[in-house]
Amino acid sequence: MIHRLKALFEQPDQPEPTEDYYVIEARCDTFYARREVAEGVLEELRRAWPPRWIEFADLSGATVRVRTRLIECVQECTGAQRAAAREFRRARRREEKADRRPWEDDDDWW
């Protein structure tokens with residue numbers, strides 16, 4: 001019974017997209033966009049008098065309209081960069097685990 005409930009409520013792991021994309025972070029949300037779209041957003045942000053609002057399409061095709069002053073970051077995110085970041089995190093965990101003393105518990109209690 002428990003296994004059936006667990007399977008019912010657990011969401012299957014969504015595979016990470018293999019394509020390259022850009023992350024557009026705003027105070028209100030995070031958006032994922034194609035390179036051409038991100039370049040257009042950056043072009044608008046570089047203008048001497050940027051517009052009050054920027055409108056673009058995200059990876060899912062949804063139209064996004066966000067206040068220009070709320071955009072905090074436009075960042076490239078390639079498959080190779082994500083793979084390198086995952087390997088870096090794994091290496092850090094192995095390093096931290098190797099530094100633990102035998103009496104230290106693996107789980108944080110707080």
Side-chain angles (χ1 to χ4, degrees):
M1 171 87 165
I2 301 274
H3 294 293
R4 283 185 281 165
L5 289 175
K6 187 176 179 182
L8 179 65
F9 289 108
E10 277 186 355
Q11 293 184 6
D13 290 337
Q14 295 292 326
E16 192 164 326
T18 56
E19 63 188 56
D20 299 342
Y21 55 86
Y22 277 69
V23 180
I24 300 172
E25 290 186 33
R27 273 187 245 156
C28 58
D29 207 346
T30 301
F31 307 99
Y32 304 93
R34 292 186 342 268
R35 172 187 293 272
E36 300 80 20
V37 172
E39 287 173 351
V41 169
L42 288 171
E43 189 176 307
E44 292 293 314
L45 292 173
R46 286 189 201 109
R47 289 175 43 183
W49 298 100
R52 187 172 270 179
W53 293 87
I54 292 182
E55 187 173 310
F56 59 91
D58 69 5
L59 277 181
S60 67
T63 300
V64 176
R65 185 176 165 101
V66 65
R67 300 276 308 219
T68 303
R69 64 182 169 83
L70 298 179
I71 296 176
E72 297 175 336
C73 175
V74 178
Q75 177 181 356
E76 180 183 38
C77 190
T78 67
Q81 290 167 337
R82 293 190 303 274
R86 284 191 300 272
E87 182 53 39
F88 179 77
R89 285 191 299 272
R90 285 186 202 113
R92 292 283 302 135
R93 277 192 297 249
R94 287 191 301 267
E95 181 181 313
E96 287 175 7
K97 199 171 190 178
D99 286 345
R100 289 182 191 260
R101 295 190 172 90
W103 60 85
E104 291 179 326
D105 190 17
D106 283 337
D107 297 327
D108 294 330
W109 57 273
W110 60 87

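Numbers here are sequence positions counted from 1.
Hydrophobic clustering, with ILVMFWY side chains joined whenever heavy atoms are under 4.5 angstrom apart, groups V74 together with L70. Transitive grouping of hydrophobic side chains (ILVMFWY, heavy atoms separated by less than 4.5 Å) keeps I24 and Y21 in distinct clusters. The cluster map of Ile, Leu, Val, Met, Phe, Trp and Tyr, joined by side-chain heavy atoms under 4.5 Å apart, puts V23 and I54 in different clusters. Residues F56 and W53 are members of separate hydrophobic clusters, defined by side-chain heavy-atom contacts under 4.5 angstrom among Ile, Leu, Val, Met, Phe, Trp and Tyr.
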Practice problem: Apply side chain to side chain contact (heavy atoms under 4.5 Å, CB included) to K97 and R93, showing your working. | Solution: CA-CA 6 Å; K97 199 171 190 178; R93 277 192 297 249; over 6 Å; no
Quiz item: Can you list the steps and then say if D20 with E76 is a side chain to side chain contact (heavy atoms under 4.5 Å, CB included)?
Solution: CA-CA 8 Å; D20 299 342; E76 180 183 38; over 6 Å; no
Exercise. Using the salt bridge (Lys or Arg N to Asp or Glu O under 4.0 Å) rule, take R94 and E87 through it: C-alpha gap first, then chi angles, then the decisive distance, then the call.
Key: CA-CA 11 Å; R94 287 191 301 267; E87 182 53 39; 3.1 Å; yes
Exercise. I would like to know whether D58 and Y32 meet side chain to side chain contact (heavy atoms under 4.5 Å, CB included); could you show each step before the answer?
Key: CA-CA 6 Å; D58 69 5; Y32 304 93; 5.7 Å; no
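We find that R92 and E96 are joined by a salt bridge, their nearest charged nitrogen and carboxylate oxygen being less than 4.0 Å apart.
Within 6.0 Å of CD on Q81 lie more than 12 heavy atoms contributed by other residues, nucleotides or ligands. Counting non-hydrogen atoms of neighbouring residues, nucleotides and ligands closer than 6.0 angstrom, the CZ atom of R47 exceeds 12 such neighbours.
Between R34 and L59 there is a side-chain heavy-atom pair separated by less than 4.5 Å. Proximity of V66 to D29: side-chain heavy atoms (C-beta onward) are nowhere separated by under 4.5 Å. Side-chain contact between V41 and Y22 is absent, with no heavy-atom pair separated by less than 4.5 Å.
At distances below 3.5 Å, at least one donor-acceptor pair connects side-chain atoms of T68 with backbone N or O atoms of P51. Without hydrogens or angle criteria, R82 side chain to C77 main chain gives a donor-acceptor distance under 3.5 Å. Proximity of a side-chain donor or acceptor of T30 to a complementary backbone N or O of E25 within less than 3.5 Å is not detected.
Residue A57 comes nearest to A33 through the heavy atom pair O-CB, 4.2 Å, listed as atom of the first residue, atom of the second, then distance.
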